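None of these values were measured; they are calculated from a predicted model.
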Amino acid sequence: MEETGEQEEEQRQLLLHTLNRLWSHYLQTSDSETEAEAKTEDDNQAASVKEHWLWLLLYNFQFLDDQTLQNAQFHSNFNQLPEELCSYLLAQVYQIISAAKRSQDSESEQQDKCIKQLRKQHNLAQLILSTPSDCNKILALRTFLTNGLGQHLLGFLLRVQIKHIASQKSLCQLCINLFPNCKWSAENPALKSLTSITQFIGSFHLNSQRSKARKQQQQIQQQFQQQQQQQHVQFSNEIQQSFDQFRAATKTSDELALLLIQLLTRCIDAEQEPQLSVTVHNFALGHLCQNCVDDANDEIIKFELLQLIAHCVNSFYVNVLDFNSNFSQLLYALAANRRSSLLSHGILYLMFGTLHNLVEHGAQQLEQLDVKHFDSCFDVLQEAAATTTTTCTSSLLFLHIYKLLLRLTDHLSRQEQQQQCLMESSNSSALAKQPPHRHKRQRHSQLHCTERSLSCYFQGKLYQLLPCLPPELQEHSVRSLMRTGSCCCHYNAINYATCLRLATQLSGSYQKCAYKFLHYNVLHTIFVKRSPQHCGVCEEKLKSPAFHSQLLGIYKDNYRALLNDSYSSMLLFLKHLKHIAYLLSYDLSAGILAEVVLPIFRQYKSDIKGNLVNKLPRLQILGKLDSYRVLHECLSIFVMYLSDIRLVKAFYNEENIGHMQDLLTIPELQRGVCDLIKVGIDNIAFLGDNSQEQFALSRRLIQLQLNSSDRASKLFQALLQKCAKRSQVKFWLDEASNTALLEGHKPVDILYITALQWTLNYELLKTSQLFYNEFAKIYSIPVEMTVDGDENENVEEKMEKEEELQLRHGDKTIIDILKLNYNALSCFLMLPKAAISTTATTTTTHNNKNNNNDALSNTAQQGHKFIGR
């Protein structure tokens, strides 16, 4: 390996020595040419000798690697080489044009003086503009650039550092004038793409005020610069081994076009002069608009022109007036290249990127931009989003365009929100009296549509694109909507249906984002939040029954699709319905409760109906836990929506109470059923359509709770009976306790439901006089008879005949309650001291009965250990 490295170093030094000698011969020939020019003798001979040394110099130069080109030794020895060869190229072009001119007409003495002055000022490229075009000149230039020395000179200038060239402006003007306007080669082989999508995106500088985005942009630019330094023009780096092959090499018009574009890009990056960038920008944009894309080579060349435009825009500031003036040309270029998704998307990226930088700079007078001009831009995006057969490159560019649009819309919205807040604070004196928010993160100010603004227009177009986007971009959109929201005029039924459909189809975290957007942005804005100006759009939606019915129809359509979907999606959907309960109007709440939640509840209850009918043991139906979670959410929704007492009368009927009775046998659902029982008993006055139906329903609910709590007590007594046989602990037990009741029940479930049922009894005894009277009758506690009890005595007797399992008056005594309290206290005292101390710090004791119920709940954690004793 060391020998190979030494040989390579020797070869590199030998090559540098050869180049140094050739460079010396070239310089000597140049000096002799100057003298010959003064004596006007042997001009042709000196020029041919100089050209000979230049051919040899360029032939050997192709063997230099890029590392050597960056070497300090090379720069010190060949510092004047780039400038000299650039001047030689300009002079050769001048001679070709002059020779063509002299073939038609002799030059005047005044023109000769002018030309000599231009040569001294390194402005020889301007001669092409001042010289009339003719066939001889065109053919001579083509031969020089494709078959002669010109192609090698351009390739040399592309490899060296442009900063060593003093006449960069003349070189740029020369490249512009030499650029092929048409294909003149008989055959044009397929070109290889020089710029990837990532490099094109990195070449355009996006301004950002946020530090995170700015760092990401800097990293992209650094990667692009590194790739640009490592990138070589492949057709110019094809090394010709023999000198004859080197002299016979040719270039096609397409290859020459790529070479000139690359050279212009290098000059723009090195010069950083706004005026030069504007000139090159107009040239590239003009060629981009000229003709349509006929083959793959045209697409590659035009994409390189797009990258050249991106480099030019980075070098000068574009204000609103400049953007308006260039916008028509960009639209024309978009129409000319619409058949190519790569070019059309690249043009859109430059347009939206330039507008993004304008907004970031805080440009004023954005209202001068006509939003209708963007319609054709979004038509292209709409076609691309609806097309399924897209290439990887076009889809990647579309991805970056859409992300750029989200950022642009975000910035526009924030600016308008700031302006709106200033207007509200100046117009409303009440805002100054409001206490400051204590939240760490304050939600954005809601935009209300006062006029057709730029941000409102972009938001509307993004909503139209949303259904056609791939899932990745839909996730980005949902996150952006949750963060900044949108103008209130876009909170309509169509967009609501789109967002709700996304909320049921995306991944879990983004489903939550979509539901939060619908909750905190859309519904909260319409039903709760009010702007100081009293937005007419929101007021109309709030009072519109048609809009409410549309929302209800949207929820109905989506829940049907979720019935066959995963349990997680259904759970998130039901949680969303629960969280928005406080926002909805009565008609919308009633519709969701009756036409959405209740059908879901019945569907999932039917899934576990076989377990309830066949009385399967609890340990054999654990696979139904997902259905239990859905049913639990449904029960929670019932409780939330029944806070509106107008819904109580419609909900509590024989069918729904029957559902509640069926679910009381499932420990996971007892909390929700108990809450529903409490709501019904606390609102007895609103049950039924008449007094007789009211008494029947209220007694049904009370009897359901008393039977459930009695069943829990029997299970608890049976559990203690079983424990007493295995330990020496003494409980207050009944001799007739049946331990067969424990089959299929977990000890922890028994302890939980007993504590839950008797806690509910305690709460109802404090809040409901009717429940207190029924409880006192069952447990033989003296109580004064009420008037309602006397009037409904006949109805009560009929109810007792119909229900065989219900408790009757006098079936229990106070001893049963004392026995339950004693056993609960005994279980509590059996807990370890650490558990007792934890319970003492987290539980507030109100009285003896409530304390024992809390003890049952804590004892549930020790259920399995307790049985093992």
May I have the list of side-chain donor-acceptor pairs in residues 458-473 shorter than 3.5 Å, sequence neighbours left out?
unit_1 : atom_1 : unit_2 : atom_2 : d
Q459   : OE1    : C487   : N      : 2.7
Q459   : NE2    : S413   : OG     : 2.8
Y463   : OH     : S486   : OG     : 2.9

What do you reckon, is CD of Q329 surrounded by more than 12 foreign heavy atoms closer than 6.0 Å?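 Result for CD/Q329: enclosed.
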Counting only heavy atoms from other residues, nucleotides and ligands, does the tally under 6.0 Å from OH of Y332 exceed 12?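 Not more than 12 within 6.0 Å, no.
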Which residues share a ring pair (Phe, Tyr, Trp, His ring centres under 6.0 Å) with F352, sequence neighbours left out: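 Partners of F352 under the ring pair (Phe, Tyr, Trp, His ring centres under 6.0 Å) test: F378.
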Test side chain to side chain contact (heavy atoms under 4.5 Å, CB included) applied to N282 and V280, V278, L285, the passing residue: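 That would be V278; it is the only one of V280, V278, L285 passing the side chain to side chain contact (heavy atoms under 4.5 Å, CB included) with N282.
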Indicate whether the side chain of [X] and that of [Y] have a donor and an acceptor atom separated by less than 3.5 Å.
X	Y	answer
H411	R414	no
Q307	T265	no
T504	Q511	no

Can a donor-acceptor pair be found, under 3.5 Å and without considering hydrogens, that links the side chain of S203 to the backbone of F200?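 Yes; at least one donor-acceptor contact below 3.5 Å.
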Identify, with sequence neighbours excluded, every residue that meets side chain to side chain contact (heavy atoms under 4.5 Å, CB included) alongside E299.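 With neighbours one apart ignored, the set is V293, S340, L342, L343.
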Quick check, are the ring centers of F179 and H287 under 6.0 angstrom apart?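 Judged by ring-centre distance (under 6.0 Å), F179 and H287 do meet the cut-off.
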Ring-ring centroid check H152 F246, cutoff 6.0 Å: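 Yes, the ring centres sit under 6.0 Å apart.
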